[in-house]
Each structure stands twice: as C-alpha cells, then as structure tokens.
Amino acid sequence: MSGDPVPIGRRVAYLRVRRRLSQQSFADRLGKSKSWVDKVERGVRSLERVSTIREIAAVLRVDPATLLGRDVQPAGVAERREGVARIRAALSTYDMAFGRPTGREVMSPDRLAREVRHAWMTFQHARYPRLVELLPTLVTEVHRAHAQDPQVGRAAVVEAYRVTAALLVKLDEGSLAWLAADRAMSAAAGDRVLLGCAAVQLGQVLRASARAGPVMLIAAASQIAPGAPEEMSLRGSLLVQAALIAARAGDDRVVGNLLDEAAGLAARVGDGHDHYRTAFGPTASSWRGWPQPWSWATDGRRSPSTRRRSGRTDGGGCRSSTAPRT
C-alpha cells in the first residue's frame, strides 16, 4: 500500500512477536479468529480497511504509519545514520577502562538508574529515533560514573550497553551491535546475574548474524540458579534465545528440550513481569504459534518437528525478547 518492500502481513507478524503476543492472544484482542490472524500474516488475506489497520496498530501499540511502513523517509534515514555515528563515537571512548577523570560532574546513581529505565521504556515502545538521540549521552554518562566508582556504576554500564545492542540489532547495525554486546559482557565479568543479562543481548546479536550456535547461551543459563522469579526469568529468556539459534540450525531435539525447560520456568514466573528486561512469562514461552518465529529463524525452512507441533491445540506462542528483523 505504501511501496514498502516488506508485506504488511509480515510487518504485522513482526510487530506482534515484538509485543510477545501469541496469535491467539492477538486474535482475542482484535475480536478475530486465530485463523484470520494467520492468513493476514501469511499474506493470504489482505488488509485494506483503514479501520482494521487502526485497530491492529492500537493493539500493537504503534502508529498506523509504522504498520504500513511509512515511518522511514529519506530524511529519517539520514538522521538515523548521523545518530548511529554518534553512538559509535560514544562506544569508542575508553575513559571507563582507564579510570580517567573527566573534570565534569557525574550523574548520581539514582538519576543514572532512572535514565537507563527511561531508555529501556523508549525501546520497548519502539520509539527508535528518540532512543538514537538519547543513547550517545547515556553511554557517555555511564562511562563517567563507572570511571569514578566502578562498583556503583557497573550495573548501569551493563544495562546501557544492553539497550544499545538491542537497538542496533533493530537498526541492522550488526558490527556495532556486536561491539555493544561485547562491552556489556566485559563490564559484567565476575557477576553471574549481570553476565546472564548481557548474554541475552549477545544472543540477539548472534542470532541476527547467524554466526554461532546456542552453546554460549546454554552455558550462561546454567550459571543462573532458578530460584527467585527474577533468576527464573533470566534463565528462561536465555533458553528461549538458545532455542531460536538451535532452530536456525535445524536441531529439533535441542529446541524441544530448551523450550520445555523454558516453559516450566515461565509457568512458575507468571505473566505481567519484566524481570531484567526480559518480559519473560507463559505468553512469551509457550508453544502455540511457535511455527511462525521458527520459520523466520530458519529462513523459511520449517523443520519436520515444527510441522508436527503446528497441529497442537494447547499452549501459547513462543516469543523471544527480540522479534525477527524485517
């Protein structure tokens, strides 16, 4: 409808997965059937009524223009490139490593934590242009805080790098996303929980680049004891990321084992939480609708076990913390 190369059905599917909604949950919110949603996402059924597009956009919490692919204009592309260049410059500073004083007042830990939370909320609401503007300053500030007090500023550094990596994956800036994720892993060294958090974003980068298997994420998950809901969420999110990578390789047995454990953890965590920015729970980790993201993970080559599971009537949709890229 807008000349955008990505079909609107696939864009709907992408945005639905990003919102961590199963096809059934999405259909229920629209007052439609799951079959209707599936046909729309596969391009079998077209979306031509403006009112329907608006309803879908409202459920997905995006502007209708985003749904139609009209949110990227030539001027916006230029601005994005400039913003990414500023992020690259911020990531290229090494004040944190040398502990070099900056001569400027450093943000208090409380304010820094608020700024990091705000960045994550901006990302979760898909306000990517705004986040591109915010991140260079945020990365610089966490560097300064860490240089002044490595222990106090450490968690903020990891979280700032995590949200930076998450954004860069969305923007298809693979090399820079890898740098941000690697920085997060380095800053988290020695802390199992922080390492697990950083590994979530590293898993997203690995999955986007299709360069590695799930071993690293499985190892990171094994370091997180499934005790409190927070730890179960983190472990489960790592397992789902590992499953998506294993799905790309067509390793059905590993995928099934990982998702079974993740589903068990999700049931214990419950829905409606965002521990460690994972949004992990039953809706994010159950089985219904799994064939759609699995097929994306394998570049359209659905595995035999996926076809078998597509006939299941129980469970919910399996969703990773990062939707497939368009």
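Side-chain heavy atoms closer than 4.5 Å link hydrophobic residues (I, L, V, M, F, W, Y) into clusters, and following such links, even through other members, never connects L194 to F280. Side-chain heavy atoms closer than 4.5 Å link hydrophobic residues (I, L, V, M, F, W, Y) into clusters, and following such links, possibly through other members, connects V132 to F123. Clustering ILVMFWY residues whenever any of their side-chain heavy atoms sit less than 4.5 angstrom apart, transitively, puts V158 in a cluster other than the one holding I87.
When atom types are taken as modelled, the side chain of R154 and the backbone of A188 share a donor-acceptor pair closer than 3.5 angstrom. R16 contributes no side-chain N or O that, together with a main-chain N or O of L60, makes up a donor-acceptor pair within less than 3.5 Å. Side chain of H125 to main chain of M121: a donor-acceptor pair is present (N/O by atom type, distance under 3.5 Å, no hydrogens or angles).
Looking at L171 and V84, their side chains come closer than 4.5 Å, going by heavy atoms from C-beta outward. Counting heavy atoms from C-beta outward, R19 and R61 have side chains that approach closer than 4.5 Å. For the pair L206 and W178, the minimum side-chain heavy-atom distance is below 4.5 Å. Here the side chains of R49 and R54 are not in contact, with every heavy-atom distance at 4.5 Å or above. Residues R18 and K170 have side chains in contact (heavy-atom distance under 4.5 Å, counting atoms from C-beta outward). Using a 4.5 Å cut-off on side-chain heavy atoms (C-beta onward), W120 and R162 make contact. At a threshold of 4.5 Å between non-hydrogen side-chain atoms, the residues T122 and Y128 do not count as touching. With contacts defined as side-chain heavy-atom distances shorter than 4.5 Å, the pair D182/L202 does not qualify.
Using a 3.5 Å distance cut-off with no hydrogens or angles, the side chains of T140 and T137 do not pair a donor with an acceptor.
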Go through the steps to decide whether L21 and R29 satisfy the test side-chain contact (heavy atoms from CB on, under 4.5 Å), and finish with yes or no. CA-CA 10 Å; L21 292 171; R29 297 189 185 192; 3.5 Å; yes
CA sep, side-chain torsions, deciding dist, call: V163, V116, side-chain contact (heavy atoms from CB on, under 4.5 Å): CA-CA 8 Å; V163 71; V116 170; 5.9 Å; no
Give the intermediate values and the outcome of salt bridge (Lys or Arg N to Asp or Glu O under 4.0 Å) for residues R235 and E261. CA-CA 10 Å; R235 182 182 177 107; E261 182 178 350; 2.9 Å; yes
Would V12 and L47 count as a side-chain contact (heavy atoms from CB on, under 4.5 Å) if you check the C-alpha gap in whole Å, the side-chain angles of each, and the deciding distance to 0.1 Å? CA-CA 10 Å; V12 169; L47 288 177; 4.1 Å; yes
Stepwise side-chain contact (heavy atoms from CB on, under 4.5 Å) test for E115 and M107: CA-CA 10 Å; E115 294 295 330; M107 279 188 186; 4.0 Å; yes
Stepwise salt bridge (Lys or Arg N to Asp or Glu O under 4.0 Å) check, R42 with D38: CA-CA 6 Å; R42 289 189 292 113; D38 181 65; 2.7 Å; yes
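Of all heavy-atom pairs between G190 and L195, the closest is N-CD1, 4.0 Å. In plain terms, the two heavy atoms of I218 and A242 that are nearest each other are CG1-CB, 3.9 Å. Smallest separation of non-hydrogen atoms from V255 and A243: CG2-O, 3.5 Å. The shortest non-hydrogen separation linking A181 to A165 is N-CB, 3.9 Å. The minimum heavy-atom distance between A145 and V106, with the atom names listed, is CA-CG1, 3.5 Å. Heavy atoms only, all atoms of each residue included: L238 and G196 are closest at CD2-O, 3.6 Å.
Here CD1 of I8 is found 11.5 Å from CD of E41. Values are rounded to the nearest 0.5 Å. If you take CG on L179 and OG on S92, they are separated by 7.0 Å, rounding to the nearest 0.5 Å. Distance CG/D191 to SG/C197: 8.5 Å, rounded to 0.5 Å. Rounded to the nearest 0.5 Å, atoms CZ (R114) and OG (S108) are 6.0 Å apart. Rounding to the nearest 0.5 Å places CG of L67 at 12.0 Å from CD of E55. Rounding to the nearest 0.5 Å gives a distance of 10.5 Å between OG of S35 and CD of Q24.
Residue-environment remark: NZ (K39) stays at or below the threshold of 12 foreign heavy atoms within 6.0 Å.
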